[in-house]
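Data block below; observations after.
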Amino acid sequence: MRKVAMLAAALALVAAPAGAYKLVAHGARVAVAKSEMTIDPPIDWNRQQSRPGRNAEAWTLDGIPLNEVTFYGGIEGGKALFKEVDRKNKPLPVFKSTMLTPDVVQLFEASYRIAGGSSLFEVGAVEPAEFAGHKGFRFRYTFTLEGEEVKRLGEGTGAVVGRKLWLITYEAPAIHYFDHNLADYRALVASARIPGPQVTVE
Amino acid sequence: MIRALGGALALLAAAPAPATDQVTPIGAGWQPTDKDERGLWLEVDELERKLRTSAFVMRDPALNAYVRGVFCRLVGEAACAPVRIYILRTPVFNAGMYPTGMMVINSGLLLRMRSEAQLAAILGHEYTHYTNRHVIQGFRDLKRKTSLMTWLALVPVGGYAVAAALTAAQLGMIASVFTFSRGMETEADAGSVPLMQKAGYDPAAAWRVWEQLRAEQDATAAARRRKSRKDADGGMFNTHPPTAERLAALKELAAKHPLAGPPDDGAARYAAALRPWWPALVDDQVKLNDFGATDFVLGKLAEDGWTPDLLYARGELYRSHGDLAQAAGFYRQATEAPGAPPEAWRGLGIVALRSGDEDGGRAALGTYLKLKPDAADRSMIAMMAGETN
């Protein structure tokens, strides 16, 4: 999740330190987000070393501000999606295992608004979608972060399985980048596997 | 960075209120005279240049004309003319007037005001900070109290920050740097009340604003099971802490400046001007995950009765808080009133499904889809409602 990192970078006037990313080579299945979710990337990606949250992990092709995929691996009830930015004054909302898709989308929106200071956040289409062999959902969103002014588009695909939230999101600037790498993101989503009654046995 | 800022502010807060430097009050056509002030103006001019094109600026001509009208009535046409007012879509209570004559007002402030007189109280307060040149005093004071290195860390000096076209966040940062001393807040309050009296606004609106904000801070703290910070500097209102002392002083000031005629609070005019924006601003507030403050603000907005929009918003708030039974009640009340937003049926359906009432949930979601056939979440909701495409 770029929000916190980018805001911090913008405020601290520092560039990302060397070694901030590690290569994720294609052709081998990898576990993501310190969870049982696995991905088989068709092309090479770069993993951001600093974790957006305990069960979250961000990948990019050209740098987090240009294209970012975030994996949320089995967020449990009572947990926020990512690290708190200011737990005391601006606590993040938490996932509840009884949430339905509209609740999850709303949770995601509120988390972004709070962490990124983005009052310009709009949810677009929300539709059913298969996720790792489970009944899930897909949603579109747009947002602009305070202090940055770049309009970004986003797509999220996920499911609530085993009382946990599994989600993969993709964000990129509306101009050029979003469309350019949307298929790369969808290929990652298509390769996702998570534990559950319908998991494919190799 | 945030830590460095906090440290510097703590330093400021710990110091006694500075004796006000003797500075000439500003007037129209004022130009900065020394290096400090010229530098500050350059920074603020640069901010304004970016702000002009910011996506966060609310450009609605009617809303802007209304707010400007209130300001001009308060300070007079001549003083008003050179001032540029920017309304930002930011759901936090704040406003600021910069030394160059740029004024910034957050939408979160507009949501909380109950009348034109309350808005005038804030505008008069900010205008007095401006005319008394509090920003440049605070700037010099900060420079005296912090080392050069800290100072450099506080002020955006170029590089990535400038390239990233910082606007709202940077404004917030500069506003935080220029946290006013208690003495300056007292001066600004003292300046606002005579302006209100002269313009015919009820001077009592000034203390009512702060009383309401203090109650809101209590509500936030109670819902988070924390001690209220209303008498401490900092927190949500960190540039204008509404302390008990200030409230008492404003009550005294109001008593000393009675109106000759009947007080005009312009509550109806204010409500009419803000009405087109309230659903959006309420939605911004609901999504802040501040249950106590939001429930309080909704209650204030509903003082003259719960409209279907407000009941829907309250349903959304309680649903996001996990209180499904209460949420269902508010959604139901909304749907029973004429003119309810279709989303109220959506909310009702979701909480019914989550509570195990499948038939009720599906029926409510079906009504939502009938009322809003072009809904962005149509296919998801249709599936939840058991409809086949």
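Below, read A as the first sequence line, B as the second, and so on, with proteins coming before strands; counting in each chain starts at 1.
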Backbone N/O of B/R89 and side chain of A/S119: donor-acceptor pair under 3.5 Å: yes
Any donor-acceptor pair under 3.5 Å linking the side chain of B/R226 with the backbone of A/K88? yes
Take atom [atom1] of [X] as the centre, draw a 6.0 Å sphere, and report whether it contains more than 12 heavy atoms from other residues, nucleotides or ligands.
{"X": "B/F296", "atom1": "CZ", "answer": "yes"}
{"X": "B/R59", "atom1": "CZ", "answer": "yes"}
{"X": "A/I175", "atom1": "CD1", "answer": "no"}
{"X": "A/R163", "atom1": "CZ", "answer": "no"}

For [X], which atoms come within 4.5 Å of any heavy atom of chain B: side chain, backbone, both, or neither?
{"X": "A/I114", "result": "side chain"}
{"X": "A/E127", "result": "both"}
{"X": "A/T144", "result": "both"}
{"X": "A/L92", "result": "backbone"}

How many angstroms lie between atom CG of B/D284 and atom CG of A/L120, to the nearest 0.5 angstrom? 8.5 Å
A side-chain contact here means heavy atoms from C-beta on lying under 4.5 Å apart; do [X] and [Y] qualify?
{"X": "B/M383", "Y": "A/K135", "answer": "no"}
{"X": "A/P102", "Y": "B/M384", "answer": "yes"}
{"X": "B/K50", "Y": "A/E149", "answer": "no"}

Out of B/R224, B/R346, B/M380, return the one with the most heavy atom pairs under 4.5 angstrom to chain A. B/M380
Most heavy-atom pairs under 4.5 angstrom with chain A, which of B/L288, B/D377, B/I381, B/L324? B/D377
Top contributor to chain B contacts, counting heavy-atom pairs under 4.5 Å, from A/A125, A/G124, A/S118, A/P128: A/P128
Among residues 32-41 of chain A, residues within the sub-4.5 Å heavy-atom range of chain B, in order of number, are none
Nearest heavy-atom neighbours spanning A/K96 and B/H321: NZ-O, 3.8 Å
